[in-house]
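Just so we're on the same page: letters track the sequence lines, and every chain starts at 1. Fair warning: this is a prediction, and the values are worked out from it, not measured in the lab. Hydrogens, waters and symmetry mates are skipped; everything else that's a heavy atom, side chains included, is used.
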Amino acid sequence: MSDPMRIRLQSQGELTTVKILMSHEMESGQRKDDSGKIVPIWNIQDVIATLNGKVVMTAEWGGGVSKNPFFQFVLKGTKAGDKLSVTWRDNRGDSRTDEAVIS
Amino acid sequence: MINTRREVLKKSALIAGLLMQSLGYMRSASGYQQNAFDAKTVLELYKSLGLAMPVESKQIVLTTPEIAENGAVVQVAANTSLPNIQRWIFLVEKNPVPLIAIFNMTEQVAPAVTLRCKFAQTSDFIAVAQLSDGKVYFSKKEVKVTLGGCGG
Amino acid sequence: MFKLAMNLLVRKCQSSKFAQVNTGYGVVRAIHSKKYLLSLILVLAQPLLTSCSLFDQSVSGSSFDSHLIEQTHSVVALSFEAKGQAGLDRLKQDRTQEFCSTQRGFKGSTSATNALDPQSSQNNSIGQLTEQLRLENLAMIQQPKDGNYLGDFKRGELIAQDGRGKTWTDPQGSVNGGNCYNCHRLSKNEISYGSLGPSLYQYGKLRGITSLDVYLTKVKEGASDPLIQYTWGVLMNSKAYDLCTVMPRFGVTSSASAHEQNSPILTQEQIKDLMSLLLDPRSPVND
Amino acid sequence: MLCILGIYALTGSAQTPQPKDTTDAALAQYRQMLQEANPADLYVAKGQALWAQARGPKAQSLRTCDLGLGPGVVKGAWVRLPRYFSDTGRVQDLESRLITCMHDIQGFDEQELIDLDFSKGERLTIAQLAAYVSSESEGMPFNVPQTNPVEREMYAIGQELFYMRAGTHDFSCASCHTQDGRRIRLQDLPNLSTPAGAGFAFGTWPAYRISTGSIWSMQQRLADCFRQQRFPKPKFASPATIALSVYLGVNASGQVAQAPGLKR
């Protein structure tokens, strides 16, 4: 089971900055192990953010995103009580969704 | 510190529904573009994404460190005053796989995105902005990756 | 008789301290509960004090608490385990290491002051000991067998960049690096350099090697050229010039630090390559 | 002879202007950007969950673990460690105390925990617990006690160890950590004999290591220092590492705890 994300929200007027830390190995598929074998790629491929159920941003990531990814974006036109939901899915089919409410 | 993280209740039907909806959206609307992530050069990448050759624009502002103490984690950010941005494409030119990420933007988000990515060596970071009219612009900045630690 | 008493005391010290501590985890309790007993033994055996210790009082100097040093060595003996090529013999100090453990001013400064000013130091016993140990180190320096002091600056740059070697994760028998950039600035283009040691950028150029001709002359006169001799000497055994410098002794092994079949950190060939890195006018150091 | 050597001394005359300021500024910028979000927070969350979770052969949580301020008190405990514990009769740092609790309360085998590798299994658990416990002292000043004679003794031994030169490279801790404003490669070397330097070092571990992408505890930090020092390996939670921690923690008195940190 995947570990929870850490989502921090900072609102200023109608803009809300979203800072997300995700717990993931993000194995690049380029690295070799001690025996010289390539460690297979294992990465978050898709990220989706919804605000009150409506998709506001999606992303596709490769193995070049750092381990334990940090991702930040800015929501427009937000108000207190709005509910942000973030989902990631990796190339092994594992996924995780976490939520945060704008205060 | 504002911290409103909540752990998802696994049994919540609402969340489960949202998850299904989200994954469904990802598969139908975008679909993971494996070809682009297989491209070994920037030109190959542009081709696989069906992009016109991007034009350099001063309206794209990049925030990157000049020097990275460790190439494993380098924070990069792009922002732009160009109107109607549809997609951001983040590249590290000299990586074995240059494509780092694609962000599909909507009107509900500002055109500013920050991500941490890996640099295999000193390289240009390139952010490509694709606008809704199909025009493509880019900006680039070099990040020096240094050797560190006692082990050299 | 005296020797026997010492041996008995050593055994006494060990048995009192090692009693409960085979896991290495209960030592402080052991020290605590045996503390007064131990102190008593030490007081009664004042002249034999150092026999519990790796320290020789004449080396450590009188201002140091021998009881504490002895306790410290007991803690060390219980706390470490051999791993990979890093054996427990590495904890056995030679006279230079013992002495320099007690000299607690920083010795890697970029100032020009030499710790070995004979005017001030020979007036006291510490100064005399310093000079004695320095001369011991000086005597350890070997000249190159073939009389040639110089190698290849390109190989030298790679050695200077390489910080590996001699740790418990480095495979036994692997080639060791020189760690030079860890502490020194050397070339213009490498920005990742440390500052524990002085800048060596333009080392040769600033010392008169302004052309290839000058360099080739020095190559010929290596055995008598003061710059060649000094540079070689510092690389081989820095302690011969500044006894307690933080710079390792790259080309020698002392009796106590005779680890890994007596192999120094760097081979003579590697040190020749570093000589060229520092002195060759074509080297990036003299760019 | 000494005169001639003086002229060519490696120390001194070779000083040329160094572009250190621009490099340092660029590095400060790099580090500042990463401070905005420290992946160590992910491990704090895991540690917090592990603290409350019933685990081990006895299926108990650590909610009754006494870190020195009484059973279950986590807040402020870390800035008062290492300290003497009368129940075990020895000075313990956070990690050795966690082992005691995991043994006494949860039924884990102490020696097994000690013999494991860093970052694996229950030892990763300990690092995560340490990240959580340390985070509960964030912003508090260090106040590592020196009231018990054994605590003072451990400080003195720690200081001796700090200056002990040995091994193939003649290094001690002090070789790199007794001057202000020095670097190894591009990494700042805190002067651990000063409150500010000791506070910066002792007060920011556990930390997220960028180079390994994992949480490192103080014990792991010290073990890797000894590796680089070309010493043999210190045993986990051994008296030597605890004595050094006492030395650092006491030197850091009054400095503010900032753990878990973020390191190269």
message: Report which part of A/Gln72 has an atom under 4.5 Å of a heavy atom belonging to chain D: side chain, backbone, both, or neither.
response: side chain
field: Residue A/Lys67 versus chain D: region with a heavy atom under 4.5 Å
entry: both
- request: Taking all non-hydrogen atoms of both residues into account, name the closest pair between A/Pro4 and D/Leu42 and its distance.
  value: O-CD2, 3.9 Å
message: What part of A/Met26 gets within 4.5 angstrom of chain D, counting heavy atoms only: side chain, backbone, both, or neither?
response: neither
field: Nearest-0.5 Å distance that lies between atom CG in A/Asn68 and atom CD1 in D/Ile210
entry: 11.0 Å
task: Flag yes if more than 12 heavy atoms outside D/Glu36 fall under 6.0 Å of its CD atom; otherwise flag no.
output: yes
- prompt: Can you tell me if CD on A/Gln12 sees more than 12 non-hydrogen neighbours from other groups inside 6.0 Å?
  reply: no
- prompt: Which value, rounded to the nearest 0.5 Å, describes the distance between D/Asp41 atom CG and A/Arg8 atom CZ?
  reply: 7.0 Å
